[in-house]
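Quick caveat, the model's predicted, so the values are computed rather than measured. Read the numbers this way: they start at 1 and go in the same order the structure lists the ligands and their atoms.
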Amino acid sequence: MAYQTTNPYTEQAGAPFAECTAEQLETRLATAAACYGTWRSTTFAQRKAVLLRAAALMRERSEHLAGLITEEMGKRIAESRGEVALSAAIIAYYAEHAEQFLATEEIAVKGGEAIVESSPIGVLFGVEPWNFPYYQIVRFAAPNLMAGNVVMVKHASNVPQCALAYEQLMHDAGAPAGAYTNLFISKDQVAQVIDDLRIRGVALTGSEAAGAVVAARAAHNLKKTTMELGGSDAFIVLEDADLDLAIKHATSGRMDNTGQACTASKRFIVVESMADQFLLRFRAALEQFKPGDPMDEATTMGPLSSESALHTLLDQVERARANGATVLLGGARLARSGYFMQPTILSDVARSNPAYKEEFFGPVALFFRVKDEDAAVQLANDSPFGLGGSVFTNDIERGKRVAGRIETGMVFINAALTSSPELPFGGIKNSGYGRELSAAGIQEFVNKKLIRVA
Ligand code: NAP
């Protein structure tokens with residue numbers, strides 16, 4: 001697909017950006033490799049100075065950067081500003097804490113000394129998605145730059161202006177040429193970059209399909225990968241839950257970013273005694289959304305990111321219906337310009353229905369009624385995905401017990417999932433492997449080198 005902006009609200013396309021020629025790609029790889037030679041031996045203080053400038057520039061340029069997100073993928077402007085602020089916070093977090101996270105560890109041994117140093121491993125390659133155009137790249141780039149690695153990023157083809165704005169920002173912050181490189185490259189060139197001996201690790205955030213292709217290629221080259229893939233998070237409401245709170249979070253959990261988040265709440269699993277009330281109020285809440293121009297502060301629901309994203313979702317809803325699901329709300333494209341989907345609720349999704357195991361990447365909620373806590377946990381775990389999940393109960397100890405039984409990388413009690421620099425982020429099963437953010441996120445691509453003094 002061409003690197004090109006198509007505004008999902010106006011449906012207007014901009015001019016495509018040129019892809020890298022073979023020579024340009026070689027120059028960029030060589031520049032990154034040369035940069036690693038010097039960047040790896042800079043001090044934490046030197047790297048911190050560059051990253052803190054980058055965080056400050058993000059905050060200074062917030063209006064411009066947020067406007068690009070909204071123009072390219074349709075996020076509501078207030079949410080775009082929130083993404084810019086969170087991205088700046090992540091950069092600053094690693095600038096401040098990397099030295100402590102990567103401090104040399106001493107191991108108690110009989111005689112002599114043993115220490116484990118954390119050293120960088122080289123040039124890393126990231127493949128990133130459009131749904132959070134800056135947040136996704138800083139989760140990968142900030143910790144790795146602080147660790148002394150250098151990074152190259154192939155961003156999603158529908159957010160090229162965000163990709164360039166971030167590269168420019170790193171340049172303006174004083175990062176040397178090659179420390180952070182944007183690549184407008186084809187899928188064949190992605191494979192070529194993974195094969196390149198100068199690349200030492202690969203990270204992908206995106207769909208299972210893309211993850212499988214990229215991870216297989218990297219495995220063939222014996223290169224370490226991290227995979228942050230899709231999810232179909234369960235949102236469990238137990239009989240002792242605060243229903244007001246549950247409705248508030250169910251609504252934001254499903255509708256933030258127009259439902260286009262890997263950790264969005266997607267499967268609403270409610271125990272029998274709460275089910276009717278929950279459904280009534282959840283439906284009423286979803287009916288309140290006001291679609292409109294995502295640049296307008298009064299809009300509460302933006303368009304989906306692209307025409308193909310809209311058609312994929314409509315096809316999924318249609319297939320779910322054909323296989324026996326009941327459409328309780330919405331289910332269709334909005335009759336207006338822009339790639340808008342009606343907020344939708346599906347119920348009666350049987351285990352044999354393909355929808356039961358699919359991720360719905362947009363404002364489509366799957367509703368399930370269950371008999372009790374055990375049935376809720378069983379249904380939550382009956383998914384190929386294992387990213388996040390939520391449990392609502394007024395008994396926190398019970399909430400922790402239920403959270404402990406859910407097979408995912410993250411569970412929130414009495415809240416929909418949110419992300420914060422200090423909280424580890426990642427999944428299990430088909431949601432991928434490895435962690436980003438927190439102290440864990442900076443350990444993925446470092447060499448834990450043992451030095452033993454005999
Ligand atoms: P996608 O199609 O997999 O795209 C993600 C990135 O992978 C893009 O840069 C895309 O490039 C590239 N790509 C796709 N196929 C490829 C291939 N065969 N070879 C090399 N690169 C390839 O995903 P999406 O639909 O844009 O994003 C939504 C998915 O990402 C959802 O499943 C969501 O749950 C997941 N996600 C996961 C997390 C997490 O942290 N777990 C976070 C956000 C999103 P092009 O744009 O050029 O196709």
Side-chain angles (χ1 to χ4, degrees), residues 1-6 8 16-17 19-20 72-73 75 83 90 125-140 152-160 162-163 182-195 202-218 225-233 256-266 304-313 316 357-362 383-388 408-410 417-419 423-437 441 444:
M1 221 164 64
Y3 288 85
Q4 186 175 22
T5 306
T6 300
F17 289 79
E19 284 185 16
C20 274
E72 295 203 294
M73 55 69 69
K75 196 188 300 275
E83 180 184 334
I90 291 168
F125 177 47
V127 179
E128 301 296 334
W130 47 265
N131 62 340
F132 294 90
Y134 305 120
Y135 162 78
Q136 296 294 354
I137 53 183
V138 303
R139 291 195 331 181
F140 167 61
M152 308 187 86
V153 170
K154 178 245 175 290
H155 214 326
S157 46
N158 56 336
V159 290
C162 290
N182 173 63
L183 295 174
F184 286 154
I185 53 175
S186 67
K187 305 252 173 358
D188 286 347
Q189 287 173 312
V190 166
Q192 193 190 321
V193 171
I194 296 169
D195 291 350
V202 181
L204 177 136
T205 297
S207 60
E208 286 171 278
V213 170
V214 166
R217 192 84 189 193
T225 51
T226 57
M227 292 286 140
E228 296 282 358
L229 309 177
S232 187
D233 289 5
D256 284 357
N257 210 30
T258 317
Q260 303 164 112
C262 51
T263 50
S265 311
K266 293 176 184 142
L304 292 172
S305 62
S306 65
E307 191 168 17
S308 68
L310 173 65
H311 286 299
T312 301
L313 201 56
Q316 282 181 288
K357 298 215 159 157
E358 286 175 1
E359 175 183 36
F360 283 75
F361 215 59
S383 166
F385 296 107
L387 193 55
T408 63
M410 303 166 275
L417 253 71
T418 48
S419 176
L423 299 179
F425 192 107
I428 59 169
K429 295 159 79 177
N430 289 10
S431 295
Y433 48 83
R435 290 294 179 269
E436 289 186 336
L437 300 178
E444 294 285 358

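- Where the criterion is an N or O separation shorter than 3.5 Å, residue side chain and backbone included, Asn131 fails it with respect to ligand 1.
- Under the 30°/60° scheme for interplanar angles, the aromatic rings of Phe17 and Phe184 are found to be tilted.
- Note that CD1 of Ile428 and OG1 of Thr408 are 6.5 Å apart. Values are rounded to the nearest 0.5 Å.
- Ranking the protein heavy atoms by distance from atom 14 (C) of ligand 1 puts Ala210 CB, 3.5 Å first.
- In plain terms, the two heavy atoms of Leu229 and Gly211 that are nearest each other are CD2-CA, 4.0 Å.
- Leu437 places a side-chain heavy atom less than 4.5 Å from the side chain of Tyr135.
- For the ligand labelled ligand 1, residue Arg139 lies inside the 4.0 Å heavy-atom shell.
- Checked against a 6.0 Å centroid threshold, the rings of Phe361 and Trp130 count as neighbours.
- Protein heavy atom closest to atom 41 (N) of ligand 1, with residue, atom name and distance, is Leu229 O, 2.7 Å.
- Note that OG1 of Thr263 and CG of Asp256 are 9.5 Å apart. Values are rounded to the nearest 0.5 Å.
- The presence of a protein heavy atom under 4.0 Å from atom 4 (O) of ligand 1 is ruled out.
- Atoms CG and CZ, on Asp233 and Phe385 in that order, are 10.0 Å from each other to the nearest 0.5 Å.
- With respect to atom 11 (O) of ligand 1, the closest heavy atom belonging to the protein is Lys154 NZ, 3.0 Å.
- At a 3.5 angstrom cut-off on N or O pairs, Ser431 does not count as close to ligand 1.
- Of the heavy atoms in Gln189, none comes closer than 4.0 Å to ligand 1.
- Here's the thing with Pro129: none of its N/O atoms is less than 3.5 angstrom from an N/O atom of ligand 1.
- Of the N or O atoms in Val214, none lie within a sub-3.5 Å distance of an N or O in ligand 1.
- In this structure the side chain of Thr258 reaches within 4.5 angstrom of the side chain of Leu304, judged on heavy atoms.
- Comparing Lys187, Arg435, Arg217 against atom 18 (N) of ligand 1, the shortest heavy-atom distance belongs to Lys187.
- Among all protein heavy atoms, the one lying closest to atom 35 (C) of ligand 1 is Gly206 O, 3.2 Å.
- Phe425 does not carry Arg435 over the face of its six-membered ring by the limits of under 6.0 Å from the centre and within 45° of the normal.
- Residues Val193 and Ile185 are in side-chain contact: their nearest non-hydrogen atoms beyond the backbone lie under 4.5 Å apart.
- Ranking protein heavy atoms by distance to atom 43 (C) of ligand 1, first place goes to Gln136 NE2, 3.1 Å.
- A salt bridge links Glu359 with Lys266: at least one charged nitrogen is closer than 4.0 Å to a carboxylate oxygen.
- For ligand 1, the atoms sitting less than 4.0 Å from at least one non-hydrogen atom of His155 are 9 (O), numbered in the order shown with element in parentheses.
- The closest side-chain heavy-atom distance from Val127 to Val153 is not below 4.5 Å.
- Between Ser157 and ligand 1, a contact under 3.5 Å exists for at least one N or O pair.
- Contact annotation for Phe361 and ligand 1: only side-chain heavy atoms (C-beta onward) come within less than 4.0 Å of the ligand.
- Within the 3.5 Å criterion, the main-chain N or O of Met73 finds no donor-acceptor partner in the side chain of Ser305.
- Shortest contact from atom 23 (O) of ligand 1 to any protein heavy atom: Ser207 N, 3.4 Å.
- Cation-pi check for Lys75 over Phe132 is met; the charged atom lies under 6.0 angstrom from the ring centroid and within 45 degrees of its normal.
- Only the side chain of Val127 comes within contact range of ligand 1, with a heavy atom under 4.0 Å; no backbone atom does.
- Closest heavy-atom approach to atom 25 (O) of ligand 1 among the candidates Trp130, Tyr135, Phe425, Tyr3: Trp130.
- The closest approach between any non-hydrogen atom of Glu208 and ligand 1 is not below 4.0 Å.
- The nearest heavy-atom contact from the protein to atom 32 (O) of ligand 1 is Glu359 OE1, 2.7 Å.
- Gln260 contributes atom CD, which lies 7.5 Å from atom CG of Asn131 (distance to the nearest 0.5 angstrom).
- Counting heavy atoms closer than 4.0 Å to ligand 1, residue Glu128 contributes backbone atoms (N, CA, C, O) but none from C-beta onward.
- Taking atom 39 (C) of ligand 1 as the reference point, the nearest protein heavy-atom neighbour is Cys262 SG, 3.2 Å.
- Using a 4.0 Å cut-off to heavy atoms of Val190, the atoms of ligand 1 that qualify are 20 (C).
- Residue Lys266 has no nitrogen or oxygen atom sitting less than 3.5 Å from a nitrogen or oxygen atom of ligand 1, judged on distance alone.
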